[in-house]
Amino acid sequence: MAFVAPLRDIRFVLNELAGLDKVRQLPGGDDIAPEIVDAVLEENARLLQDAVAPLNHPADRQPATLAGGVVTTSPGFKAAFREFVTGGWQGLSHPTEFGGQGLPKLLATPCVENLNAASLSFGLCPLLTDGAIEVLLTAGTPAQRALYVPRLVDGTWTGTMNLTEPQAGSDLSQVRTRAVPQGDGTYRLFGQKIYITYGEHDLAENIVHMVLARLPDAPEGVKGISLFMVPKFLVNDDGSLGARNDVWCASLEHKLGIKASPTAVLLYGDNQGDVGAGAVGTLIGTEHRGLETMFIMMNAARFAVGVQGVAISERAMQQAVSYARDRVQSRAVEGSAGPVAIVQHPDVRRNLMTMRALTQASRAMAYVAAGAFDFAHRHPDAETRQKNQALYEYMVPIIKGFATEMAIEVTSTGVQVHGGMGFIEETGAAQHYRDARILAIYEGTTAIQANDLVGRKTVRDQGAVARGVIAAMRETHAALLSTPATAAAHADLADLSDIARFLATGIADLEACVDYVVRQAKAQPREVHAGSVPYLMLSGYVHGGWQMARAAVVCRDRMAAGDLEPFLTGKLATARFYCSNILPRASALRTAILEGSAGVLALDPDQF
């Protein structure tokens with residue numbers, strides 16, 4: 001089924017919930033007129049619908065291949081990538097001084113969503129390159145930025161993130177790749193990295209690897225890790241390419257999903273290049289503080305992976321809706337002359353509404369966070385910047401963790417809507433499910449995001465940011481119960497008390513759990529962390545309910561004023577469904593968080 005970018009919902013969220021007008025008023029936003037926004041969204045949709053989305057299913061059947069250390073990407077990827085970077089899409093949010101377009105993150109986020117909805121495997125290469133650019137802009141030297149960033153922005157080169165090693169996994173304190181100083185400002189790297197997305201490919205002429213490694217005198221643990229930039233081909237002072245570096249692709253992983261994305265095992269220092277033994281690299285940032293620098297790339301990637309969850313959910317939902325409209329089977333439960341389209345059956349409707357509500361709520365959460373990012377980086381007032389930076393950082397683990405877990409549910413539900421045909425690869429529904437499964441694992445598992453939410457984002461500030469958000473939620477609750485003056489002629493549209501009731505319960509659930517985490521984290525860390533993932537998921541459900549409630553207020557007010565656009569009635573219906581069918585999940589999670597730790601920890605490890 002063809003993918004269609006959900007521009008109507010995107011525009012609604014941008015304008016009504018995420019505050020695009022306010023972002024446009026920030027310094028540097030003068031040129032982002034409404035017609036520019038529309039042009040960006042429309043052209044982005046056209047490119048991805050026409051050039052990328054048709055490649056998604058065929059590429060799953062013909063993934064990247066490796067022969068003699070050379071990776072050939074799926075048919076069509078190379079041409080589509082050229083069209084993507086030639087159009088300036090890699091540089092959408094990056095500084096104009098390096099060839100980017102300097103647009104706010106809020107406008108770039110729907111473009112990233114649509115890219116990944118078109119093809120998750122294809123979208124991973126630009127995602128990692130964005131992260132490499134951010135690292136260089138933040139921690140690179142002026143010379144490094146001048147030499148590398150323009151070529152990453154224009155797609156001549158791409159970037160990767162090299163963290164994981166066979167013995168280390170998510171525990172980066174176990175990284176053992178060595179970096180030996182050469183006395184001339186360069187280093188020779190020796191080691192092996194695994195799970196390196198687009199670690200080798202044929203889309204660009206050079207690949208710039210960001211690699212965690214240890215210097216000879218490095219202390220043990222994470223404080224002994226440094227970050228190095230290692231290009232596939234050495235780069236001359238004028239930007240031309242030099243000798244082939246000693247970093248080689250030993251194999252490609254055979255994966256459950258995202259099969260068209262080449263996931264490489266890379267060998268550093270195997271004496272296979274033209275530079276002798278040891279891959280030549282340069283230091284990024286400060287010695288022994290590489291993990292801090294890499295977190296710039298990791299946090300950018302974590303937000304982007306959350307957006308990937310929204311993207312794959314949208315793609316799966318569109319396909320499920322199309323199938324449900326076309327598939328005729330069984331009579332209606334109330335009786336009918338003959339079989340009806342399965343979209344008529346109540347449980348199929350429940351499945352489709354679940355997919356729709358979770359996707360739209362997660363989209364709103366991500367876009368609102370993107371708006372906070374722009375205020376954190378563009379607002380002239382330091383206090384406002386700091387407040388929004390804290391909000392954005394608080395939201396990142398929720399968006400990454402919740403939106404990716406949500407994607408697994410939505411894509412699985414999409415298979416269910418298809419019935420037996422969903423289990424058949426030819427329909428493509430199974431691919432969405434397989435592709436989505438990695439999202440809750442890479443760039444930090446859901447448990448890692450939950451630990452971050454508990455420790456750094458709740459306990460560290462004694463719940464200050466979380467309670468500030470709860471106060472804003474209560475303002476929305478009050479708005480749900482108010483009646484606009486224009487509603488007199490449309491009394492049937494004014495009553496949102498049902499949404500208000502469910503939101504009030506969700507707010508109370510969240511507040512109780514924030515209080516518990518702050519109160520007990522130091523005294524009972526194991527008990528609190530036994531409920532860390534439920535705490536993250538509860539936060540996601542309530543934040544999603546808040547955004548859907550805000551959407552309901554907008555729809556009510558506009559409809560009460562006489563705007564009866566079908567989109568608004570559909571959006572309001574989706575908000576009601578979310579608050580009555582999805583948001584109550586938070587109450588069960590509250591019980592698990594506050595009372596369930598004993599059950600989690602009841603068995604000794606050797607009893608499993």
Side-chain angles (χ1 to χ4, degrees), residues 6 9-20 23 105-110 112-113 116-117 299-300 302-314 317 354-376 388 390-410 439-440 446 449-450 452-453 457-458 465-466 468-470 472-473 475-476 499 503 506-507 509-510 535-554 571 574-575 577-579 582-583 585-586 589:
D9 195 59
I10 285 173
R11 288 190 173 100
F12 179 89
V13 176
L14 288 176
N15 295 316
E16 304 294 351
L17 303 181
L20 179 59
V23 170
K105 189 179 187 74
L106 180 53
L107 184 52
T109 296
V112 172
E113 179 194 330
N116 286 281
N299 279 333
R302 286 174 175 180
F303 176 83
V305 171
V307 175
Q308 286 185 316
V310 179
I312 195 69
S313 299
E314 175 68 35
M317 180 189 67
T354 299
M355 298 174 76
R356 176 186 175 103
L358 284 169
T359 301
Q360 293 188 7
S362 298
R363 174 179 294 123
M365 290 165 56
Y367 289 19
V368 167
F373 178 95
D374 288 325
F375 268 79
N388 280 276
L391 175 60
Y392 175 76
E393 291 178 354
Y394 165 76
M395 289 300 301
V396 166
I398 299 174
I399 291 166
K400 198 286 182 184
F402 179 80
T404 58
E405 294 285 350
M406 174 276 300
I408 296 170
E409 177 180 351
V410 169
L439 300 180
T446 306
Q449 307 307 316
D452 183 35
L453 180 62
K457 308 301 164 57
T458 303
V465 173
V469 174
I470 289 170
M473 290 177 177
E475 293 178 5
T476 300
I499 295 179
L503 181 61
I507 293 171
D509 292 334
L510 177 59
Y535 174 57
L536 182 149
M537 295 302 293
L538 180 149
S539 300
Y541 285 126
V542 178
H543 276 268
W546 176 35
Q547 298 306 328
M548 296 306 283
R550 293 181 65 215
V553 171
V554 173
K571 190 71 174 179
T574 306
F577 176 88
Y578 185 99
C579 290
I582 304 295
L583 187 51
R585 297 180 185 182
L589 289 169

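Since the model is a prediction, treat every value here as computed from it, not as a measurement.
The backbone N or O of K105 lies less than 3.5 Å from a partner atom in the side chain of D374, making a donor-acceptor pair. With hydrogens and angles ignored, the 3.5 Å screen pairs no side-chain donor or acceptor of N116 with any backbone N or O of A311.
Of all heavy-atom pairs between I312 and A407, the closest is CG2-CB, 3.7 Å. Heavy-atom minimum distance, I499 versus A552: CD1-CB, 3.7 Å. When all heavy atoms of L503 and A549 are compared, the closest pair comes out as CD2-CB, 3.9 Å. Closest non-hydrogen pair, L17 versus Q547, comes out as CD1-O, 4.0 Å. Taking every heavy atom of both residues into account, A364 and V13 meet most closely at CA-CG1, 3.7 Å. Here the shortest heavy-atom pairing between C579 and G545 reads SG-O, 4.2 Å.
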Q.
As a quick check of understanding, evaluate ring pair (Phe, Tyr, Trp, His ring centres under 6.0 Å) for Y541 and F402, giving each step before the final call.
A. CA-CA 8 Å; Y541 285 126; F402 179 80; 5.0 Å; yes

Q: In sequence, state the C-alpha distance, the side-chain angles, and the governing distance for M406 and S313, and then conclude on side-chain contact (heavy atoms from CB on, under 4.5 Å).
A: CA-CA 8 Å; M406 174 276 300; S313 299; 3.3 Å; yes

Q: Take S539 and L510, measure what side-chain contact (heavy atoms from CB on, under 4.5 Å) needs, and give me the verdict at the end.
A: CA-CA 6 Å; S539 300; L510 177 59; 3.7 Å; yes

Q: For the pair V554 and F12, evaluate side-chain contact (heavy atoms from CB on, under 4.5 Å) and give the outcome as yes or no after the intermediate values.
A: CA-CA 10 Å; V554 173; F12 179 89; 3.8 Å; yes

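Neither side chain, T476 nor R550, offers a donor N or O lying under 3.5 Å from an acceptor on the other.
Looking only at side-chain heavy atoms (C-beta outward), I408 and L439 stay at 4.5 Å or farther from each other. Counting only heavy atoms from C-beta outward, the side chains of L589 and D509 never approach each other to under 4.5 Å. In this structure, W546 and E475 have side chains that are not in contact, with every pair of non-hydrogen atoms separated by 4.5 Å or more. At least one side-chain heavy atom of Q360 sits less than 4.5 Å from a side-chain heavy atom of K571.
To the nearest 0.5 Å, atoms CG (L536) and OG1 (T458) are separated by 9.5 Å. For the atom pair CZ (R11) and CG (D9), the distance works out to 11.5 Å, reported to the nearest 0.5 Å. To the nearest 0.5 Å, the span separating CD on Q308 from OG1 on T404 amounts to 10.0 Å. Here T354 contributes atom OG1 and M317 contributes atom CE; the two are 12.0 Å apart, rounded to the nearest 0.5 Å. Atom CD1 of residue I399 and atom NE2 of residue H543 lie 9.0 Å apart, to the nearest 0.5 angstrom. Expressed to the nearest 0.5 Å, how far CD of E405 lies from CD of Q449 amounts to 10.5 Å.
Among residues two or more places apart in sequence or in another chain, the side-chain hydrogen bond (donor to acceptor under 3.5 Å, both in side chains) test is passed with E113 by R363, Y367.
By the 4.0 Å N-to-carboxylate-O rule, E409 lies close enough to R585 to be salt-bridged with it.
Aromatic rings from F373 and F303 are positioned such that their centres are separated by 6.0 Å or more.
Cation-pi contact between K457 and Y394: absent, since separation from the ring centre below 6.0 Å together with deviation from the ring axis within 45° is not met.
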